[in-house]
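Predicted, not measured: the structure shown is a model, and the values here were computed from it. All ligand and atom numbering here is 1-based and tracks the order in the structure.
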Amino acid sequence: MTSANLSDNFGRLIEYLRLSITDRCDFRCIYCMAEEMTFLPRKEVLSHEELVRLSQTFVDLGVSKIRITGGEPLIRNDALHLLQRLGAIEHLQELCLTTNGSQLTKLAKPLAQAGVKRINVSLDSLRADRFKQLTRVGDLQRVLDGIECALDAGFEKIKINAVLMKNYNLDEALPLASYALERGMDISFIEEMPLGEISSHARDAEFISSEDVRNLLATNFQLNPSEHSTGGPSRYWEAEGYAGKIGFISPHTDNFCASCNRVRVTASGRLLLCLGNEHSVDLKQVMRANDDDQVLRQAIIEAMQIKPEKHEFDLTQEPQILRFMNATGG
Ligand code: SAM
Ligand code: SF4
C-alpha cells in the first residue's frame, strides 16, 4: 500500500531514503574517517528484518527511491541477500547503491539481477600510490576491475563520485572526468564536508569550489548546463560528444537545501533529518519496542516536522558535526 506523502514544515516532499546498512568499511578514506575508529557493536546495528521493515514502511509512506550506503555496504555479511529482499519491495521504484567498488568483481552481476538500478562508485584517483594514500589501504586495480564488471552487469546507470582536494588530487579532475565519460558513465565532483574530526589535513586548506573545478574541466570539455536530475544534490552539465554527464555536489558554494527531498537512516536506526544537523529520531528504539507498524509510520511522519531548513557548514571552524560520514551514510 502506498499512501501518505511525507512532507516537512518547509513544503518539501520527502521521496528519497538513504539507508546505511553498516558503519564499517574496508577503506579508511582520509576525508571520511580518522585513522583510529570505533565501530558500532553488532547488537546496535539494524538486522535484515528491521531494514526490510523500515524500508517497506518508508515506501508505504511514499518514498520511491532508496539508496543503500554505509560505511561500505557490500562488506556487510550477506549484503546481497539483503539487497535481493529490498529489491523485491512492491512499489519501490528505484533501489540504488553507493559503494567503494572493492567487492564489485564478485557482486556486480548478482546486484544488477537483484534489481539494483543505479550504482555510484567512489573513485578519487587513478594513480595507485595516491589511491592508497587517500584510502589509506585501498587497492586501485581491484576497484577498476570492479567498475569494469559493473559496466558489463547491466545497471541502468553507473556514476563515479570523486571528492576533490586541492593538494591531493585536484590535478586528476580531468583524467577522472575522461575516464568516466569515455566509458559512458556520469561523474560527480564533491566539495568536502566538515563531518567528524580528522588529523590528516585541514579541510579549509584543501577546499576547492565546484566553480573552479568546472573552469578547469572547461579547458578540455565543451560544457553546457543540463536540466538533468536524478533526484539527488548533483547539478549536472553536459559534455559535448559524450552521453555521460558531469555533476557537481556543492554543499559550500551552491546550497541545495531548498530542494532537499531526502532523509537518512544510520546503521543503528537513527533517522537523520539533515546531513549537516543533529535533528534525529531513534527508529531502532521505536521498532524494538513496538511490533505495530502503525506506530513506526507515525514516528516517521512526525519526525518530518523537525527537518531543519538547511545545513550551515563552516570550514574555518572546528567541525560542528562530530559524526563521521561513514556513520552518517553518504
Ligand atoms: N563506502 C561507500 C563509498 O565510499 O562510496 C559508501 C559510503 S561513503 C560515506 C559515500 C560517499 O560519501 C562517498 O562518495 C565519499 O566519497 C563521500 N564522503 C565521505 N566523506 C565525505 C566528506 N567528508 N565530504 C564529502 N564527501 C564525503
Ligand atoms: Fe569507506 Fe566510503 Fe568512507 Fe571511504 S568514503 S572510508 S570507502 S565509507
Side-chain angles (χ1 to χ4, degrees), residues 18-37 39-40 67-76 79 83 96-104 107 111 116 118-125 131-140 142-143 146-147 150 158-165 168-169 176 180 186-204 206-210 213 232-234 247-253 256 262 264-267 272 275-276 311 313 315 319-330:
R18 292 198 178 179
L19 180 59
S20 172
I21 63 169
T22 179
D23 63 335
R24 288 167 199 254
C25 188
D26 51 343
F27 290 1
R28 293 284 183 279
C29 301
I30 57 170
Y31 48 76
C32 177
M33 290 194 188
E35 195 142 19
E36 295 298 323
M37 294 287 291
F39 297 104
L40 288 167
R67 176 173 295 283
I68 301 303
T69 182
E72 174 45 42
L74 298 183
I75 65 161
R76 177 162 172 162
L83 276 137
C96 312
L97 175 75
T98 300
T99 173
N100 66 21
S102 69
Q103 310 300 312
L104 284 177
L107 289 179
L111 283 168
V116 176
R118 295 165 170 264
I119 62 168
N120 290 353
V121 186
S122 301
L123 179 69
D124 304 320
S125 175
F131 186 83
K132 179 142 284 168
Q133 180 190 26
L134 289 169
T135 59
R136 291 198 179 100
V137 286
D139 175 1
L140 173 66
R142 188 171 165 154
V143 172
I147 292 171
I158 307 176
K159 185 173 77 147
I160 300 295
N161 275 346
V163 175
L164 286 182
M165 304 162 75
Y168 281 88
N169 63 347
L176 282 165
D186 291 349
I187 182 166
S188 279
F189 293 104
I190 306 173
E191 291 175 352
E192 182 182 352
M193 287 174 272
L195 297 172
E197 251 177 280
I198 51 166
S199 54
S200 52
H201 61 279
R203 297 199 198 256
D204 58 339
E206 295 306 326
F207 174 72
I208 179 80
S209 73
S210 293
V213 176
S234 259
F248 297 91
I249 301 177
S250 320
H252 303 287
T253 58
F256 39 71
R262 50 201 168 273
R264 293 174 160 79
V265 174
T266 69
L272 271 172
L275 184 62
H311 65 246
F313 290 131
L315 285 174
Q320 288 96 52
I321 303 293
L322 294 178
R323 90 188 114 72
F324 289 96
M325 191 65 155
N326 74 299
T328 305

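Among all heavy-atom pairs drawn from Cys32 and Asn326, the shortest one is SG-N, 3.5 Å. Closest of all the heavy-atom pairs between Thr266 and Leu272 is CG2-CD1, 3.8 Å. Nearest heavy atom pair, residue Leu97 against residue Arg67, reads O-NH1, 3.1 Å. Taking each heavy atom of Leu111 and Leu83 in turn, the nearest pair found is CD2-CD1, 3.7 Å. Taking each heavy atom of Met33 and Asp23 in turn, the nearest pair found is CE-O, 4.2 Å. The heavy-atom pair separating Ile21 from Pro73 by the smallest distance is CD1-O, 3.5 Å.
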- Message: Would Arg136 and Glu35 count as a side chain to side chain contact (heavy atoms under 4.5 Å, CB included) here? Give the steps.
- Response: CA-CA 8 Å; Arg136 291 198 179 100; Glu35 195 142 19; 4.0 Å; yes

- Item | Intermediate values then yes/no, side chain to side chain contact (heavy atoms under 4.5 Å, CB included), Ser210 and Glu191 | CA-CA 7 Å; Ser210 293; Glu191 291 175 352; 3.3 Å; yes

- side chain to side chain donor-acceptor pair (under 3.5 Å) between Ser188 and Ser234, intermediate numbers included: CA-CA 7 Å; Ser188 279; Ser234 259; 2.6 Å; yes

- Message: Go through it in stages, so that I can follow the logic: the residues are Tyr168 and Val163, the test is side chain to side chain contact (heavy atoms under 4.5 Å, CB included), and I'd like the CA-CA distance, side-chain angles, deciding distance and then a yes or no.
- Response: CA-CA 10 Å; Tyr168 281 88; Val163 175; over 6 Å; no

- Item | Intermediate values then yes/no, side chain to side chain contact (heavy atoms under 4.5 Å, CB included), Tyr31 and Arg203 | CA-CA 8 Å; Tyr31 48 76; Arg203 297 199 198 256; 4.1 Å; yes

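Any N or O atom pair closer than 3.5 Å counts here, and Glu191 shares no such pair with ligand 1. Considering backbone and side-chain N/O atoms, Tyr31 comes within less than 3.5 Å of an N/O atom of ligand 1. On a distance-only criterion, Gly70 and ligand 1 share no N/O pair closer than 3.5 Å. Of the polar atoms of Thr99, at least one N or O is found under 3.5 Å from an N or O of ligand 1, judged by distance alone.
Selection from Met165, Glu72, Met193 by nearest heavy atom to atom 24 (N) of ligand 1 gives Met193.
Taking 4.5 Å as the limit, every side-chain heavy atom of Phe27 sits out of range of all side-chain heavy atoms of Leu134. Using a 4.5 Å heavy-atom cutoff, the side chains of Gln103 and Arg142 are in contact.
Listed by chain and residue number, the protein N/O/S atoms under 2.8 Å of atom 1 (Fe) of ligand 2 are Cys25 SG, with waters left out.
Counting only heavy atoms of the protein, atom 13 (C) of ligand 1 lies nearest to Ser122 OG, 3.2 Å. Nearest protein neighbour of atom 6 (C) of ligand 1, counting heavy atoms only, is Gly71 O, 3.3 Å. For atom 11 (C) of ligand 1, the nearest non-hydrogen atom of the protein is Gly330 CA, 4.3 Å. Here the heavy atom of the protein found nearest to atom 19 (C) of ligand 1 is Met325 CG, 3.2 Å.
A donor-acceptor contact closer than 3.5 angstrom is absent between the side chains of Ser102 and Glu72.
Atoms of ligand 1 found under 4.0 Å from any heavy atom of Thr69, numbered from 1 in the order shown, are 6 (C), 7 (C). The ligand atoms of ligand 1 that sit less than 4.0 angstrom from a heavy atom of Asn161 are 14 (O). Close contacts between ligand 1 and Asn100 involve ligand atoms 2 (C), 3 (C), 4 (O), 5 (O) [criterion: under 4.0 Å to a heavy atom]. Against a heavy-atom cut-off of under 4.0 Å, Val163 is close to the following atoms of ligand 1: 16 (O), 26 (N). Ligand 1 places these atoms under 4.0 Å from at least one heavy atom of Ile190: 25 (C), 26 (N).
For Arg203, the heavy-atom gap to ligand 1 drops under 4.0 angstrom.
Within the 4.0 Å heavy-atom criterion, both parts of Thr98, backbone and side chain, lie near ligand 1.
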